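Worksheet: the structure to be examined is printed underneath.
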Amino acid sequence: MHHFHQTYLFFPLYCYTKPRHIIVIITTFVEMKNIRFLAVVVATFVVAATAGSFFQDFELTWGGGRAKILENGNLLTLSLDKASGSGFRSKNEYLFGKIDMQLKLVPGNSAGTVTAYYLSSLGPAHDEIDFEFLGNLSGDPYTLHTNVFSQGKGNREQQFHLWFDPTKDFHTYSVQWNPASIIFSVDGTPIREFKNLETKGVPFPKNQPMRIYSSLWDAEDWATRGGLVKTDWSQAPFTASYRNFNAEACVWSSSGSSSCSSSSGQSLDATGQAKLRLVQKNYMVYNYCTDIRRFPQGLPPECSFA
């Protein structure tokens, strides 16, 4: 069910149950001379980040053939027509790490279409980390919608207009998730950070492993200007493309254990914070933490520490 509250959008989850596949990856956060970076640790065996083919890392989950893996597993496409959209999900579940994917979005008049790319656990108290790309009329900018759910509660939307046309070429959309924070980045530039403020009473996603999901679907009833602009089906099929998936991440096994012995936390350093502030100043078009009308009883507690 889709819910729409002014410009605050909520999205459905496509949930599936399949056998889980395990790869061995160990990551840790290392601090040296005040420079923080994500390092892959080699223990008594050789480990590597996931950067294989889409055949290896993902499964097509719905759409009746509208989702395709092409070019020997190096390219994945989703398509949408009036009958159906399509989607895929990762074979692995992850609990912390850095997830990168390159996307090229639906070109032309994409009004009414939504390309969803997100991490999510299952169940009513699920955790979720969202990138959602809301199409628009030709010549108008896409809206990049972000959200964080913890223990089933979201309502933490920030939206951006990108500084490039995301339909002309592939661009890298990344989530870096660790016990200290969740960082959303575009082409390596941070656009949002959601910090762990559990000490302030704010739930943080840290216990539920998540799969990667993506879908291309029709949301003409609400996605473009609250549903005022409908999908032009004469332009169908609409297609979004994916390549260069990479995960430096802790894989969760079916036995309930992580491939990482431990995960340390890190937040953006001063340079990253400066880049984030610049993006938010110039390209953010909605921030729930400034929406006083939406929260008449007071803004969410994390907004005091943004």
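Side chains included, hydrogens not; waters and symmetry mates left out as well; all remaining heavy atoms used. From a predicted model like this one, the values you see are computed outputs, not experimental measurements.
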>> Under a 3.5 Å distance rule, please check whether Y142 uses its side chain to pair with a backbone N or O of V106 as donor and acceptor.
In response: yes

>> For D187 and T189, which I'm curious about, is there any donor-acceptor pair between the side chains at under 3.5 Å?
In response: no

> Just by distance, do the side chain of S121 and the backbone of D127 share a donor-acceptor pair under 3.5 Å?
Replying inline: yes

> Does S181 offer a backbone N or O that forms a donor-acceptor pair with the side chain of N196 under 3.5 Å?
Replying inline: no

> Is the ring centre of Y242 less than 6.0 Å from the ring centre of F58?
Replying inline: no

>> Just verifying a value: how many Å separate C289 SG and E157 CD, rounded to the nearest 0.5 Å?
In response: 10.5 Å

> Any idea which heavy atoms bring N92 and R211 closest together, and the distance?
Replying inline: O-CG, 3.7 Å

>> Can you confirm whether S84 sits close enough to R66 that some side-chain heavy atom of one is under 4.5 Å from a side-chain heavy atom of the other?
In response: yes

> Quick one: NZ on K91 to CD on Q56, what's the gap to the nearest 0.5 Å?
Replying inline: 7.5 Å

> Do L216 and L70 share a hydrophobic cluster, counting only Ile, Leu, Val, Met, Phe, Trp and Tyr and linking them when any side-chain heavy atoms are less than 4.5 Å apart?
Replying inline: no

> Parallel under 30°, tilted from 30 to 60°, perpendicular over 60°: which one fits the rings of F194 and F204?
Replying inline: parallel

> Between atom CD1 of I292 and atom CD of Q297, what is the distance when rounded to the nearest 0.5 Å?
Replying inline: 13.0 Å

> Which pair of heavy atoms, one from F305 and one from L197, lies closest together, and at what distance?
Replying inline: CB-CD1, 3.8 Å

> Looking at side-chain heavy atoms only, is the closest gap between F96 and P179 below 4.5 Å?
Replying inline: yes

>> Is any side-chain heavy atom of L60 closer than 4.5 Å to one of L76?
In response: yes

> Any sub-3.5 Å donor-acceptor pair from R243's side-chain atoms to N74's backbone N or O?
Replying inline: no

>> Less than 4.5 Å apart, side chain to side chain, heavy atoms only: is that true for R294 and N155?
In response: yes

> Rounded to the nearest 0.5 Å, how far apart are CZ of F133 and OG1 of T167?
Replying inline: 12.5 Å

> Is the distance between the ring centroids of F245 and F54 less than 6.0 Å?
Replying inline: no

>> Using every non-hydrogen atom in the two residues, find where H161 and V285 come nearest and quote the distance to one decimal.
In response: ND1-CG1, 3.6 Å

> Considering all heavy atoms of both residues, which atom of S86 and which atom of A67 are nearest to each other, and what is their separation?
Replying inline: CB-N, 3.8 Å

> Are F170 and F88 connected in a single hydrophobic cluster, I mean Ile/Leu/Val/Met/Phe/Trp/Tyr linked by side-chain heavy atoms less than 4.5 Å apart?
Replying inline: no

> Counting N and O atoms only, with roles assigned by atom type, does the side chain of Q208 sit under 3.5 Å from a partner on the main chain of A125, one being a donor and the other an acceptor?
Replying inline: yes

> Side chains of F238 and T115: closer than 4.5 Å at any heavy-atom pair?
Replying inline: no

> Do L144 and W163 share a hydrophobic cluster, counting only Ile, Leu, Val, Met, Phe, Trp and Tyr and linking them when any side-chain heavy atoms are less than 4.5 Å apart?
Replying inline: yes

> Which value, rounded to the nearest 0.5 Å, describes the distance between L162 atom CG and H171 atom NE2?
Replying inline: 8.0 Å

>> Test of understanding: clusters of I, L, V, M, F, W, Y form through side-chain heavy atoms closer than 4.5 Å, transitively. Do V186 and L278 belong to the same one?
In response: no

> Under a 4.5 Å cut-off applied to non-hydrogen side-chain atoms, are F131 and L103 in contact?
Replying inline: no

> Are the side chain of N109 and the backbone N or O of A111 linked by a donor-acceptor pair below 3.5 Å?
Replying inline: yes

> Would a 4.5 Å heavy-atom cut-off, applied to side chains only, mark I183 and L268 as touching?
Replying inline: yes

>> If hydrophobic clusters are built by linking Ile, Leu, Val, Met, Phe, Trp and Tyr wherever their side-chain heavy atoms come under 4.5 Å apart, do F164 and F160 end up in the same one?
In response: yes

> Just by distance, do the side chain of T146 and the backbone of Q158 share a donor-acceptor pair under 3.5 Å?
Replying inline: yes

>> To check you understand the geometry: which heavy-atom pair defines the closest contact between V148 and P205, and what is its length?
In response: CG1-CG, 4.1 Å

> So S174 and D100, side-chain hydrogen bond (donor to acceptor under 3.5 Å, both in side chains) or not? Walk me through it.
Replying inline: CA-CA 4 Å; S174 305; D100 303 319; 2.6 Å; yes

>> Taking the side chain as everything from C-beta on, heavy atoms only, tell me whether N147 gets closer than 4.5 Å to Y118.
In response: no

> Is there a donor-acceptor pair under 3.5 Å between the side chain of W177 and the backbone N or O of Y94?
Replying inline: no

> Of all heavy-atom pairs between A116 and W217, which one has the smallest distance, and what is that distance?
Replying inline: CB-NE1, 3.9 Å

> Does a side-chain N-to-carboxylate-O contact under 4.0 Å join E302 and R156?
Replying inline: yes

>> Assess, by modelled atom type and distance only, whether the side chains of D291 and Y286 contain a donor and an acceptor separated by less than 3.5 Å.
In response: yes

